[in-house]
Number of protein chains: 4
Amino acid sequence: MESKVGRPRSERAREAVLHAVDDLLVEVGYAAVTMKGIAERASVSRQTVYRWWSTKAEILLEASATDAEDELAITPTGDPLDDLTTYLQALINFLAHSHAGSAYRALIGEAQHDPDVAKLLADKDVLGDSARVVIARAVPACDTPQALEFATARLIGPTFFAIMSGRDPRQLDPQALARTFLA
Amino acid sequence: MESKVGRPRSERAREAVLHAVDDLLVEVGYAAVTMKGIAERASVSRQTVYRWWSTKAEILLEASATDAEDELAITPTGDPLDDLTTYLQALINFLAHSHAGSAYRALIGEAQHDPDVAKLLADKDVLGDSARVVIARAVPACDTPQALEFATARLIGPTFFAIMSGRDPRQLDPQALARTFLA
Amino acid sequence: MESKVGRPRSERAREAVLHAVDDLLVEVGYAAVTMKGIAERASVSRQTVYRWWSTKAEILLEASATDAEDELAITPTGDPLDDLTTYLQALINFLAHSHAGSAYRALIGEAQHDPDVAKLLADKDVLGDSARVVIARAVPACDTPQALEFATARLIGPTFFAIMSGRDPRQLDPQALARTFLA
Amino acid sequence: MESKVGRPRSERAREAVLHAVDDLLVEVGYAAVTMKGIAERASVSRQTVYRWWSTKAEILLEASATDAEDELAITPTGDPLDDLTTYLQALINFLAHSHAGSAYRALIGEAQHDPDVAKLLADKDVLGDSARVVIARAVPACDTPQALEFATARLIGPTFFAIMSGRDPRQLDPQALARTFLA
DNA sequence: CTTTAATCGAGACGGTACGTCGAGTCTTAAG
DNA sequence: CTTAAGACTCGACGTACCGTCTCGATTAAAG
């Protein structure tokens with residue numbers, strides 16, 4: 001419920017900030033993205049940035065969550081192996097090559113030592129959500145929450161580990177991963 | 001080839017820095033560990049820290065690599081399922097509860113947007129090394145490098161993902177994970 | 001000539017602002033009085049304050065000018081020495097102990113580097129006006145403007161300097177000052 | 001007692017700051033002089049400014065105290081009236097026309113609502129010191145501290161008031177003021 | 001009894017300085 | 001040549017106040 005009195009929030013400023021953070025991420029990398037830099041790039045006052053977001057992680061998440069969801073959504077064919085393979089390929093592309101994915105990896109990294117960022121990601125489980133949809137369709141037997149969680153970790157885990165630990169993503173074979181998952 | 005003239009490097013200073021990093025990590029957490037703080041805690045000049053290490057990631061890795069190896073090494077029993085279960089339990093403890101493990105998670109995080117840290121971790125693959133040893137013994141069939149890499153990702157991945165993405169480590173069942181790995 | 005159409009100026013808002021300034025001056029001191037603070041304390045919008053006053057000096061002067069005049073006005077007895085002594089005592093009280101006086105000192109201070117404030121004070125010579133009245137009655141010989149100006153400086157100056165330069169006002173003896181003035 | 005270990009204070013930085021504050025005072029006026037502006041003008045880091053001075057008032061005082069003393073020091077002739085007249089002329093020039101004087105007036109102004117500045121000026125009574133020297137020589141009868149204080153206020157006060165309250169300094173007649181003082 | 005016009009509150013906006021902190025580097029004297 | 005000490009430049013931090021700007025809602029006099 002948002003107040004109706006006072007000057008309304010500037011949609012222009014909101015978008016400028018989100019675009020700025022996207023651009024800066026690509027240009028200078030996550031570490032060099034600063035609240036100051038975002039504000040300047042967006043031609044927005046620092047105060048305005050802080051008014052609506054408290055950390056760069058928050059902005060980054062808002063800026064890339066939609067992209068992430070889009071990149072991880074697949075159109076089901078009915079064939080479990082095909083669907084899982086397609087999903088795993090999308091996951092590899094997302095984590096290893098997409099801008100939204102590199103933002104996401106940076107956020108996961110930050111979450112390891114910043115509880116606020118961890119909370120943020122817990123509230124918006126991009127990876128888990130995308131995987132659960134695919135699994136529910138491909139493996140109907142996975143119907144309890146526990147089983148779903150376990151399957152999610154098994155499906156995403158190997159790819160996630162390989163990329164996060166700096167391994168070469170080209171060595172990853174989505175079909176082999178999918179087959180092993182179904183075994 | 002190192003010079004032999006002049007005052008020799010102080011071993012006292014080296015150890016003081018490594019201990020200071022360990023202590024600070026526990027007391028204030030990774031994010032609040034600073035080069036300045038390390039130097040002060042170690043009663044060592046800032047210049048001395050910079051002379052021997054170029055980033056806090058380097059110090060951190062040197063300070064916790066040995067601990068990490070110890071915590072991830074298991075004594076084999078001969079039974080593959082038992083060995084894998086023991087290893088996975090050690091992995092869970094390391095990533096979720098150990099100091100060395102939280103340092104390692106932070107480094108993995110940093111590596112996502114800092115190529116220097118990524119290089120550092122690539123040269124010292126703590127997790128992969130520990131897993132390969134276990135796999136080689138438990139699954140002798142895994143004899144090609146590719147198969148070993150694949151198995152490593154399958155063994156470590158699910159646990160790694162679950163903990164890095166902020167899931168509750170108590171939900172992880174090392175025996176179930178081991179059984180699925182062997183299937 | 002002010003317009004007669006439209007909503008009339010709110011007398012309530014005007015008084016609330018002046019009272020807020022008075023209160024804030026006492027509570028937090030001149031330096032910490034801000035336009036923002038005044039508006040909030042008066043439960044008035046910032047725009048409303050700016051609509052009617054352009055600087056905090058203006059508000060302050062309007063808020064304390066009447067008090068200042070009252071505090072510096074004396075009832076004549078006919079005896080020059082008595083009148084001057086009474087006046088000087090009032091001047092000491094005003095400059096050293098009164099709220100209106102501390103506002104006035106702050107304004108004089110501001111006037112040293114802000115021409116707008118200097119202009120404001122030139123148009124409303126609180127100190128000079130009060131002194132001229134007393135001098136005209138006590139020293140009828142002072143009848144030219146120049147003589148009056150000179151006498152004003154001689155009468156007010158020593159006290160003004162002592163207090164503005166941070167000397168202890170208890171060391172000031174109004175009767176001695178009055179006697180010396182008449183000499 | 002200053003420490004002898006560590007890098008010594010940069011004399012270059014110290015002078016650059018003092019000159020910068022002098023220049024800025026003339027160019028933009030006291031109100032627009034900021035710590036940030038001083039640092040930039042002096043090509044010195046903000047941190048360095050804060051390391052040695054805590055407010056712009058402190059820098060200003062250090063930058064103009066010597067000038068002030070020079071401008072208010074007179075060479076005695078032996079004739080009381082001449083000496084006092086010369087001193088009062090110097091006082092008028094200082095307060096009304098000199099850069100050091102305008103800095104001093106600004107500081108006096110600030111002192112009215114900033115106890116720290118008031119303390120600063122109390123420790124370095126530029127005006128009082130200069131007057132006491134002149135009075136001691138011209139009026140040997142003034143030998144008790146109280147008498148000296150009283151005489152100081154009488155000597156400086158009228159001129160001080162006239163200029164601080166925005167009156168035209170050209171109307172001030174140093175000889176007339178000196179004569180009245182001696183009467 | 002509706003316009004019309006200026007007010008009011010609330011609060012977001014772009015700016016800019018604040019004082020602090022950590023990053024690295026540099027400059028001493030001491031060992 | 002290393003060491004501890006500590007000053008140096010640089011640049012981001014998050015906050016505060018500045019003065020301006022949109023809003024919707026009042027409030028009176030004028031039509």
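Here the structure is a predicted model, which means the values were calculated and not measured. The analysis underlying the following values was restricted to heavy atoms, covering all of them including side chains, and did not include hydrogens, waters or symmetry mates. Below, chain A is the first sequence line, B the second, and so on; all start at residue 1.
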Please determine whether any donor N or O and acceptor N or O are separated by less than 3.5 Å between the side chain of [X] and the base of [N].
X     : N      : answer
C:R9  : E:dT7  : no
D:R46 : F:dG11 : no
D:R7  : E:dC26 : yes

Check whether [X] reaches the backbone of [Y] with its side chain - one donor and one acceptor, N or O, closer than 3.5 Å.
X      : Y      : answer
D:K119 : D:A111 : no
B:K36  : B:R46  : no
A:Q112 : A:I108 : yes
B:S98  : B:G101 : yes

Between [X] and [N], is there a contact of a side-chain N or O with OP1 or OP2 at under 4.0 Å?
X     : N      : answer
B:R12 : F:dA4  : yes
B:T34 : E:dC21 : no
D:S45 : F:dG11 : no
C:W52 : E:dA6  : no

Round to a whole Å and report the spacing from [atom1] of [X] to [atom2] of [N].
X     : N      : atom1 : atom2 : result
D:E15 : F:dC8  : CD    : C1'   : 17 Å
C:K36 : F:dT15 : NZ    : C1'   : 10 Å
D:K56 : E:dG19 : NZ    : P     : 10 Å
C:Y50 : E:dG11 : OH    : C1'   : 14 Å
C:I38 : F:dC18 : CD1   : C1'   : 13 Å
D:R41 : E:dA17 : CZ    : P     : 15 Å

How do B:E11 and C:T55 order along DNA chain F: which one's closest nucleotide is nearer the 5' end? B:E11

Could you say whether C:G37 or A:G37 is positioned toward the 5' end of DNA chain F, judged by the nucleotide with the nearest heavy atom to each?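 Nearest-nucleotide comparison on DNA chain F picks A:G37.
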
Listed nucleotide nearest any side-chain atom of D:R51, set F:dG6, F:dA7, E:dA17: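 Closest of the options to the side chain of D:R51: F:dA7.
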
Side-chain atoms of C:Q47 come closest, of E:dA10, F:dC8, F:dC21, to F:dC21

With sugar-phosphate meaning primed atoms plus P, OP1 and OP2, does D:S10 contact a base, only sugar-phosphate, or nothing at under 4.0 Å between heavy atoms? sugar-phosphate

Hey, which sits more toward the 5' end of DNA chain E by its nearest nucleotide, B:M35 or D:M35?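 That would be D:M35.
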
5'-most by nearest nucleotide on DNA chain E - C:A13 or B:A32: C:A13

Is it possible for you to check whether A:R9 lies under 6.0 Å from the centre of the six-membered ring of A:W52, through NZ or CZ, and within 45° of that ring's axis? yes

